[in-house]
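For this chain, numbers begin at 1 and follow the sequence in order.
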Amino acid sequence: MILCFDIGGTAIKIAEAYSADKVIPKGRIATPTDDFDAFVEILNDAVAAANIRPDVLAFALAGVLDPETGVATMANIPCLTGRRLQQELENLLGLPVVLANDADCFALAEATVGAGRGHDVVFGLILGTGVGGGVVVNGSLINGGGGFAGEVGHGPIAQRVLDDQNVTLPAFSCGCGLSGCLDSICSARGLERLHRHLHGRESADSRDVVRDWESGDPRATKTIAVWLAVLSGPLAVMENMLGAGVVAVGGGLSNSTLLITALDGEVRKKCLRRFERPLIVPAQCPVEPGLVGAAILGLRRHENVAA
């Protein structure tokens with residue numbers, strides 16, 4: 001059995017996994033973001049409460065690991081940042097540990113049991129609080145470690161002058177420390193920022209903007225048109241580089257089928273390859289994909305050790 005954890009800044013989700021398609025959620029608990037001892041206590045309690053003693057502990061992390069040093073960087077969980085997390089957790093918990101970025105786990109889950117089944121190359125795209133991504137080739141993550149590959153959300157690539165929309169945008173600052181990132185304008189929070197910038201409103205919830213767009217509201221229609229124009233170009237370039245058979249989209253913005261359909265249409269117009277079928281589709285993993293992806297990595301770790 002693999003005991004899986006999806007570690008976010010708000011909650012730790014827990015599951016027991018016996019195979020990629022048998023991942024059983026076991027609840028969630030608030031993340032003690034500033035208290036490492038409390039964090040480890042939660043893990044110990046989860047191990048003690050498991051039906052059987054786990055063979056491996058597998059983690060999906062809302063952060064990245066330096067592939068050379070193993071040091072973690074997790075902006076929303078300060079107590080984990082700066083630690084050689086795998087080594088520390090193995091020493092403290094007495095069990096093998098496997099760690100991966102949550103977007104990588106999402107991509108691996110979608111490639112294995114979700115929308116990417118049957119495709120050699122799968123790009124997993126998260127459009128939620130942030131913009132994230134991961135790449136799976138022939139069933140394996142292309143990352144040797146860390147969680148950096150596929151992170152299309154970061155880097156100063158957001159288009160700022162959009163002649164077709166008669167709009168010029170500033171290079172919005174991003175939480176990663178750069179400016180002009182897709183994350184800063186195309187995430188859920190970025191969409192809200194974009195809407196305020198275009199229309200001068202004090203507040204805007206991304207869900208309301210999408211719903212208003214679906215209803216034909218002219219302000220929201222303008223916002224979504226700009227959002228699509230900014231996001232579709234970089235995604236088309238990413239598709240040209242990867243040759244993905246499918247792009248599976250998760251995160252809160254993926255809950256609008258109409259929005260993902262519109263994004264798919266715009267990206268396919270700009271790709272070198274001409275698709276007669278949808279390329280960008282909603283995620284289909286039936287269980288929390290971070291947990292499923294962690295489970296797959298944990299199961300593989302166990303198989304390799306057993307072999």
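To the nearest 0.5 Å, atoms CG (L291) and CD1 (I14) are separated by 9.0 Å. To the nearest 0.5 Å, atom CG of residue L127 and atom CG of residue L235 are 7.5 Å apart. Taking CG from L89 and CZ from R84, the interatomic distance works out to 14.0 Å, rounded to the nearest 0.5 Å. Between the CD atom of E90 and the CG atom of L95 there is a distance of 9.0 Å, given to the nearest 0.5 Å. In this structure, OG1 in T112 is found 10.5 Å from CG in L299, a value given to the nearest 0.5 Å. In this structure, CG in D217 is found 10.5 Å from CG in D208, a value given to the nearest 0.5 Å.
Hydrophobic clustering, with ILVMFWY side chains joined whenever heavy atoms are under 4.5 angstrom apart, groups V247 together with W227. Hydrophobic clustering (side-chain heavy atoms under 4.5 Å, transitive across Ile, Leu, Val, Met, Phe, Trp, Tyr) keeps M238 apart from L272. A single hydrophobic cluster is not seen to contain both L242 and F106; linkage of ILVMFWY side chains at heavy-atom distances under 4.5 Å, directly or through other members, places them apart. Under the 4.5 Å side-chain heavy-atom criterion for grouping Ile, Leu, Val, Met, Phe, Trp and Tyr, V267 is connected to L258 within one hydrophobic cluster. A continuous path of Ile, Leu, Val, Met, Phe, Trp and Tyr side chains, each step under 4.5 Å between heavy atoms, connects V152 with L228, placing both in one hydrophobic cluster.
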Under the side chain to side chain contact (heavy atoms under 4.5 Å, CB included) criterion, do T33 and N76 qualify, and how do the steps go? CA-CA 7 Å; T33 56; N76 295 319; 5.9 Å; no
Chi angles and distances behind the side chain to side chain contact (heavy atoms under 4.5 Å, CB included) call for V230, V226: CA-CA 6 Å; V230 172; V226 174; 4.2 Å; yes
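By the 6.0 Å contact criterion, NZ on K270 is enclosed, its count of non-hydrogen atoms from other residues, nucleotides or ligands being greater than 12. The neighbour count for R28 CZ, taken as heavy atoms of other residues, nucleotides or ligands under 6.0 Å away, does not exceed 12. Counting non-hydrogen atoms of other residues, nucleotides and ligands closer than 6.0 Å to CG of N166 gives a total of 12 or fewer.
Across all their heavy atoms, A171 and R160 have their closest contact at N-NE, 3.5 Å. Between V121 and G243 the shortest heavy-atom distance is CB-O, 3.9 Å. Across every non-hydrogen atom of D104 and L141, the tightest pair is O-CD2, 3.4 Å. Heavy atoms only, all atoms of each residue included: R83 and E88 are closest at NH1-OE1, 2.9 Å. Contact detail for G139 and L108: the closest heavy-atom pair is O-CD1, 3.6 Å. What you find for V292 and C285 is that their closest heavy atoms are CG2-SG, 3.7 Å.
C271 places a side-chain heavy atom less than 4.5 Å from the side chain of N240. F39 places a side-chain heavy atom less than 4.5 Å from the side chain of I7. Between D34 and P78 the shortest side-chain heavy-atom distance falls below 4.5 Å. Contact of the P25 side chain with the K13 side chain is not registered, since no non-hydrogen atoms from C-beta on lie closer than 4.5 Å. Put simply, the side chain of L178 does not reach to within 4.5 Å of the side chain of H154, judged on heavy atoms. In this structure, the side chains of F59 and V97 come closer than 4.5 Å at one or more pairs of heavy atoms. At least one side-chain heavy atom of L191 sits under 4.5 Å from a side-chain heavy atom of I224.
One N or O on the side chain of E239 and one on the backbone of A244 form a donor-acceptor pair closer than 3.5 Å. At distances below 3.5 Å, not a single donor-acceptor pair connects side-chain atoms of E110 with backbone N or O atoms of G116. Between the side chain of D264 and the main chain of L279, a donor-acceptor pair closer than 3.5 Å is present. In this structure, D183 contributes its side chain and V131 its backbone to a donor-acceptor pair below 3.5 Å. Distance alone, capped at 3.5 Å, places no donor-acceptor pair between the H302 side chain and the D55 backbone. Formation of a donor-acceptor pair under 3.5 Å by the E16 side chain with backbone atoms of I24 is not found in this model. Listed for the R53 side chain is no donor-acceptor partner under 3.5 Å among the backbone atoms of A48. Remark: side-chain polar atoms of S254 are paired, donor with acceptor, to backbone N or O of G251 under 3.5 angstrom. Judged by distance alone, the side chain of R268 and the main-chain N or O of P278 form no donor-acceptor pair under 3.5 Å. Counting only distance, with no hydrogens or angles, the side chain of N255 and the backbone of G252 share a donor-acceptor pair below 3.5 Å.
Ion pairing between R207 and D205 holds under the 4.0 Å rule for side-chain N and carboxylate O. Ionic pairing of R211 and E214 is not present here: no N-O contact between side-chain nitrogen and carboxylate oxygen is shorter than 4.0 angstrom.
For the side chain to side chain contact (heavy atoms under 4.5 Å, CB included) with S206, the qualifying choice from H195, E192, R193 is E192, the only one to do so. Evaluated for a side chain to side chain contact (heavy atoms under 4.5 Å, CB included) with I77, the options T31, T10, I12, L61 yield exactly one hit, T31.
Partners of F172 under the ring pair (Phe, Tyr, Trp, His ring centres under 6.0 Å) rule, at least two apart in sequence or in another chain, are H197.
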